[in-house]
Amino acid sequence: MRIDKIKLESVLVKERLSFSKTEQTIHDYIMENPEQVIYDTLNSITMRLHVGEASIVRYFKKLGYSNFTAFKMDIYKALQDISIRSELPFIENITENMIDVIQKTKASIDMKAVEEATNIILQSKQVLIAGMGTSHTTALDMFSKIIRAGVNAIVINDSHFSYMYTALLNKDSCAIVYSFSGETEEMIKFTKNCKDKNVKIIVISNYSNSTLSTLADVFLKTNGFENEISGGFFCSKISQVYVSDILVTSCALRDIEKTKKYVQGVTNTVLK
């Protein structure tokens with residue numbers, strides 16, 4: 001999604017304000033990463049920018065916001081407003097957004113990371129696929145594809161079940177974790193539990209500087225954006241699905257004959 005930074009700044013800064021050096025650092029980060037800020041916490045920003053939480057609070061209060069949540073809501077509304085301001089018919093807008101997302105995701109694919117993730121999956125005796133909310137539907141899609149390639153996988157949505165299941169995992173297991181923001185609280189806890197069991201972690205997320213990315217053994221980047229208007233909601237998902245297809249295809253190509261055998265076996269079982 002192309003962000004009009006002038007329009008965004010006009011929403012956030014309604015009058016000429018002078019920022020301290022630290023406040024300017026915070027402001028620059030927000031202007032460069034407005035979509036990420038929606039999912040940030042005060043703690044994640046302090047860790048990312050190496051600034052004090054009090055500095056962030058002073059920054060958004062200087063802009064006239066009583067709390068961080070209200071500040072993030074205005075950013076969210078601003079992004080929605082900006083994204084739908086187009087002379088294109090909405091159908092063309094949706095189409096353009098989706099093509100743009102796929103092209104950007106393709107450009108960001110690290111084939112070395114894909115190869116490493118493929119090795120981890122194929123060497124694992126158990127693959128656990130996890131995602132919460134809308135990312136869970138992508139995890140389900142990944143499960144339906146990768147199991148046809150002969151990979152012993154399960155998919156989990158319920159956070160409590162995911163925590164309990166980690167008790168059964170070990171160094172011969174791996175987890176594929178989906179999170180658009182990379183800051184999903186349940187997925188962070190789940191991933192940390194997996195790390196404690198020496199489970200290899202593959203994270204598929206939109207942000208390379210997120211908490212989940214720092215926990216990953218392999219990080220695969222998506223390039224979607226979340227906004228329920230102008231096709232944005234599905235754009236975040238299509239980027240995840242695109243990366244998943246690349247990963248599944250990479251696994252399948254390692255042994256075509258074996259893959260064909262498993263696909264046929266699944267088909268025969270379903271048709272019985």
Side-chain angles (χ1 to χ4, degrees), residues 101-132 134-157 162 165-166 168-180 182 184 187 190-191 193-195 197-206 208 210 212-213 215-224 236-271:
V101 163
I102 291 174
Q103 289 176 337
K104 286 182 178 177
T105 305
K106 178 185 177 184
S108 69
I109 290 295
D110 180 349
M111 285 310 299
K112 184 177 179 181
V114 171
E115 287 293 316
E116 189 176 351
T118 301
N119 290 336
I120 289 173
I121 291 170
L122 295 180
Q123 291 168 8
S124 296
K125 294 180 180 179
Q126 175 74 71
V127 177
L128 181 59
I129 307 171
M132 299 297 293
T134 55
S135 289
H136 177 60
T137 60
T138 312
L140 278 171
D141 179 72
M142 178 61 162
F143 168 74
S144 70
K145 292 172 181 174
I146 206 164
I147 201 165
R148 291 173 183 268
V151 174
N152 181 22
I154 66 167
V155 62
I156 290 182
N157 178 35
S162 68
Y165 199 85
T166 55
L168 304 177
L169 302 179
N170 54 44
K171 61 182 179 62
D172 296 320
S173 309
C174 82
I176 302 175
V177 182
Y178 288 88
S179 170
F180 177 81
T184 309
M187 290 296 94
F190 164 73
T191 303
N193 288 344
C194 286
K195 295 290 283 187
K197 300 288 289 186
N198 295 316
V199 173
K200 293 291 185 182
I201 308 296
I202 300 167
V203 169
I204 300 176
S205 174
N206 216 62
S208 55
S210 63
L212 277 175
S213 71
L215 296 171
D217 292 290
V218 179
F219 174 75
L220 297 174
K221 189 178 185 307
T222 58
N223 272 276
S236 66
K237 180 162 296 298
I238 203 170
S239 184
Q240 288 181 331
V241 171
Y242 180 74
V243 172
S244 298
D245 277 3
I246 290 172
L247 190 52
V248 171
T249 302
S250 178
C251 290
L253 290 176
R254 289 292 182 89
D255 192 334
I256 292 292
E257 294 305 315
K258 179 182 176 182
T259 300
K260 288 180 179 178
K261 177 183 175 182
Y262 276 109
V263 169
Q264 188 60 53
V266 171
T267 302
N268 291 340
T269 301
V270 171
L271 294 177

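Fair warning: this is a prediction, and the values are worked out from it, not measured in the lab.
Not counting sequence neighbours, the partners of T222 by the side chain to side chain donor-acceptor pair (under 3.5 Å) test are N206. Under the side chain to side chain donor-acceptor pair (under 3.5 Å) criterion, S108 pairs with N223, not counting sequence neighbours. Take K106 and apply the salt bridge (charged side-chain N to carboxylate O under 4.0 Å, His left out) test, not counting sequence neighbours, and it matches no residue. Scored by the salt bridge (charged side-chain N to carboxylate O under 4.0 Å, His left out) test, D245 finds K145 as partners (sequence neighbours excluded). By the salt bridge (charged side-chain N to carboxylate O under 4.0 Å, His left out) test, D255 pairs with no residue at all, sequence neighbours left out. With sequence neighbours excluded, the residues that form a side-chain contact (heavy atoms from CB on, under 4.5 Å) with T118 are V114, L122, L247, S250, C251, R254.
By the 4.5 Å heavy-atom criterion applied to side chains, D110 and L220 are not counted as neighbours. Residues S208 and F219 are in side-chain contact: their nearest non-hydrogen atoms beyond the backbone lie under 4.5 Å apart. Looking only at side-chain heavy atoms (C-beta outward), I154 and Y165 come within less than 4.5 Å of each other. S205 is not listed as a side-chain neighbour of L212, based on a closest heavy-atom distance of 4.5 Å or more. Between N193 and T191 the shortest side-chain heavy-atom distance does not fall below 4.5 Å. Contact of the N170 side chain with the K197 side chain is not registered, since no non-hydrogen atoms from C-beta on lie closer than 4.5 Å. Within the 4.5 Å cutoff, the side chain of V218 has no heavy atoms near those of the I201 side chain.
A salt bridge does not link D141 to K237: none of the charged side-chain nitrogens sits closer than 4.0 Å to a carboxylate oxygen.
Residue L128 holds its CG atom at 6.0 Å from SG of C194, rounded to the nearest 0.5 Å. With rounding to the nearest 0.5 angstrom, the NZ atom of K221 is 9.5 Å from the NZ atom of K104. Of the inter-residue distances, the one linking M132 atom CE with I156 atom CD1 reads 11.0 Å to the nearest 0.5 angstrom. Here I129 contributes atom CD1 and S135 contributes atom OG; the two are 13.0 Å apart, rounded to the nearest 0.5 Å.
A donor-acceptor pair is defined here as one N or O able to donate and one able to accept, closer than 3.5 Å; no such pair exists between the side chain of T249 and the backbone of I246. No side-chain donor-acceptor contact under 3.5 Å links D172 to the backbone of K125. With hydrogens and angles ignored, the 3.5 Å screen pairs a side-chain donor or acceptor of K195 with a backbone N or O of L215. Side chain of T184 to main chain of S179: no donor-acceptor pair is present (N/O by atom type, distance under 3.5 Å, no hydrogens or angles).
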Next on the checklist: As a quick check of understanding, evaluate side-chain contact (heavy atoms from CB on, under 4.5 Å) for V243 and I109, giving each step before the final call.
Outcome noted: CA-CA 8 Å; V243 172; I109 290 295; 4.0 Å; yes
Checklist entry - Could you walk me through whether M142 and I176 pass the side-chain contact (heavy atoms from CB on, under 4.5 Å) check? => result CA-CA 9 Å; M142 178 61 162; I176 302 175; 4.0 Å; yes
Item to check | Trace of the side-chain contact (heavy atoms from CB on, under 4.5 Å) decision for I121 with I146 | outcome: CA-CA 10 Å; I121 291 170; I146 206 164; 3.9 Å; yes
Next on the checklist: Walk me through whether I202 and D217 qualify under side-chain contact (heavy atoms from CB on, under 4.5 Å).
Outcome noted: CA-CA 6 Å; I202 300 167; D217 292 290; over 6 Å; no
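What you find for A139 and A130 is that their closest heavy atoms are CB-C, 4.2 Å.
A donor and an acceptor atom, one from each side chain of Q126 and S173, are nowhere located under 3.5 Å apart. For Y178 and S244, the side-chain atoms include at least one donor-acceptor pair closer than 3.5 Å.
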